[in-house]
Colleague: 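One structure, as structure tokens, below. Some questions next.
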Amino acid sequence: MPEPMDIAFEAAEAASKRGEVPVGAVVLGPDGQVLAVAGNEVEAGDPTAHAEILALRAAAAKLGRPRLEGCELVVTLEPCSMCATAISHARIKRLVFAAYDPKGGGVEHGPRMYRQPTCHHRPEVVGGVQAEKAEMLLKQFFAGLRAES
């Protein structure tokens, strides 16, 4: 069985082929089973359709509950502040991400959501897992956009 980050990369690559920023996310249940996989769908018309949000929604629907205690989220890019907040509200136990996002990240950069006194749930955070692969995927995507314009 593929590693969760590899599954997230497959979702990111599929998103890129649809013209979406290549970000993929996977939610794992407490037992390690894959509950949900998603890639960005923002360009399809929903500004909140980040991979993390879509994966959290699908996992919550599958489990039939809004809180995902004991679950892990694996994503190819440091979540933005919107996604970081959603991860906290979902009560994700552990967040694993690949590339850091100095411009738009909300976990280790920008607002650093989990360090705020108003944050009610702070997941364990592991960043930089296969970061080079994620950075390359993002650079290739944006280089392709610049070449088209």
Side-chain angles (χ1 to χ4, degrees), residues 1-29 32-62 66 68 71-119 121-149:
M1 177 164 172
E3 291 295 316
M5 187 61 81
D6 294 330
I7 297 169
F9 275 116
E10 289 174 14
E13 290 165 2
S16 180
K17 289 176 183 169
R18 296 189 308 270
E20 300 280 351
V21 174
V23 177
V26 177
V27 176
L28 303 171
Q33 75 178 31
V34 174
L35 295 176
V37 179
N40 275 357
E41 293 184 20
V42 172
E43 298 305 318
D46 180 355
T48 68
H50 291 198
E52 300 95 320
I53 299 293
L54 298 173
L56 291 172
R57 287 177 183 161
K62 186 169 188 172
L68 304 174
C71 293
E72 180 173 323
L73 177 68
V74 178
V75 62
T76 59
L77 182 64
E78 176 184 348
C80 70
S81 58
M82 174 184 70
C83 292
T85 301
I87 292 163
S88 177
H89 284 283
R91 305 295 193 268
I92 289 291
K93 179 180 178 179
R94 184 170 189 244
L95 165 65
V96 177
F97 66 85
Y100 289 89
D101 187 356
K103 281 185 173 180
V107 176
E108 299 293 335
H109 296 88
R112 294 180 168 96
M113 299 304 293
Y114 306 136
R115 296 182 191 168
Q116 299 305 315
T118 55
C119 181
H121 172 78
R122 293 168 179 83
E124 174 189 346
V125 176
V126 178
V129 176
Q130 295 189 43
E132 290 178 9
K133 182 176 179 178
E135 290 165 5
M136 184 60 63
L137 185 61
L138 289 159
K139 285 178 185 175
Q140 289 172 345
F141 176 79
F142 287 112
L145 286 183
R146 284 190 293 275
E148 291 174 11
S149 40

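Not measured: the values here are computed from a predicted model.
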Colleague: Answer whether the closest heavy-atom distance between the side chains of Phe97 and Val125 falls below 4.5 Å.
Modeller: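 Yes, at least one pair of side-chain atoms sits under 4.5 Å.
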Colleague: Looking at side-chain heavy atoms only, is the closest gap between Leu56 and Ile92 below 4.5 Å?
Modeller: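 Touching, per the 4.5 Å side-chain cut-off.
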Colleague: Grab the two heavy atoms, one from Glu78 and one from His109, that are nearest each other, plus how far apart they are.
Modeller: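 Heavy-atom minimum between the residues: OE1-ND1, 2.8 Å.
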Colleague: Specify the closest pair of heavy atoms between Ala49 and Leu54, including all atoms of both residues, with the distance to one decimal.
Modeller: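 Taking Ala49 first and Leu54 second, the nearest heavy atoms are O-CD1, 3.7 Å.
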Colleague: Please list, chain by chain and in numerical order, all residues satisfying side-chain contact (heavy atoms from CB on, under 4.5 Å) with Cys83, sequence neighbours excluded.
Modeller: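 Residues passing side-chain contact (heavy atoms from CB on, under 4.5 Å) with Cys83: His50, Glu52, Ile53, Pro79, Cys80.
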Colleague: CE of Met82 to CE of Met113: how many Å apart, nearest 0.5 Å?
Modeller: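 So the CE of Met82 and the CE of Met113 are separated by 11.5 Å.
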Colleague: Below 4.5 Å, heavy atoms only, C-beta onward: do Val42 and Val21 meet side chain to side chain?
Modeller: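 No, side chains not in contact.
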Colleague: Which heavy atom of Met5 sits nearest a heavy atom of Val129, and at what distance?
Modeller: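 Reported closest heavy-atom pair: CE-O, 3.8 Å.
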Colleague: Taking Arg122 for the side chain and Ser88 for the main chain, is one N or O donor matched with an acceptor at less than 3.5 Å?
Modeller: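 The answer is no, because no donor-acceptor pair under 3.5 Å joins these two groups.
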Colleague: State the CG-CD distance between Leu137 and Glu13, to the nearest 0.5 angstrom.
Modeller: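 Nearest 0.5 Å value for the CG-CD distance: 5.5 Å.
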Colleague: Tell me the closest heavy-atom pair linking Pro22 and Ala15, and the distance in Å.
Modeller: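 In this case the closest contact between Pro22 and Ala15 is CA-CB, 4.5 Å.
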Colleague: For Pro66 and Ala60, which heavy atoms make the closest approach, and how far apart are they?
Modeller: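 Nearest heavy atoms, Pro66 then Ala60: CA-CB, 4.3 Å.
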Colleague: Under 3.5 Å, is there a donor-acceptor pair between the side chain of Thr76 and the main chain of Gly24?
Modeller: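 Yes, because the side chain of Thr76 sits within donor-acceptor range (under 3.5 Å) of the backbone of Gly24.
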Colleague: Counting only heavy atoms not in Lys133, do more than 12 sit closer than 6.0 Å to its NZ atom?
Modeller: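 Check passes, neighbour count above 12.
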Colleague: Could you check whether any side-chain N or O of Arg18 sits under 3.5 Å from a backbone N or O of Ser16, counting only pairs where one atom can act as donor and the other as acceptor?
Modeller: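 Not a single qualifying donor-acceptor pair exists.
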Colleague: Under a 4.5 Å cut-off applied to non-hydrogen side-chain atoms, are Val34 and Leu28 in contact?
Modeller: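 They are in contact (side-chain heavy atoms under 4.5 Å apart), so the answer is yes.
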Colleague: List the atom of Cys71, the atom of Gly29, and the distance in Å for their closest heavy-atom pair.
Modeller: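 Looking at all heavy atoms of both residues, the closest pair is SG-CA, 3.9 Å.
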Colleague: Counting only N and O atoms by type, is there a donor-acceptor contact under 3.5 Å from the side chain of Tyr114 to the main-chain atoms of Ala84?
Modeller: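 Such a contact is found between Tyr114 side chain and Ala84 backbone.
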Colleague: How would you list, by chain and number, every residue that makes a side chain to side chain donor-acceptor pair (under 3.5 Å) with Arg115, sequence neighbours excluded?
Modeller: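 If we apply the side chain to side chain donor-acceptor pair (under 3.5 Å) test to Arg115, skipping adjacent residues, the hits are Glu108.
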Colleague: Could you give the distance from CD (Glu135) to CG (Leu77), rounded to the nearest 0.5 Å?
Modeller: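 Going from CD on Glu135 over to CG on Leu77, the span is 9.5 Å.
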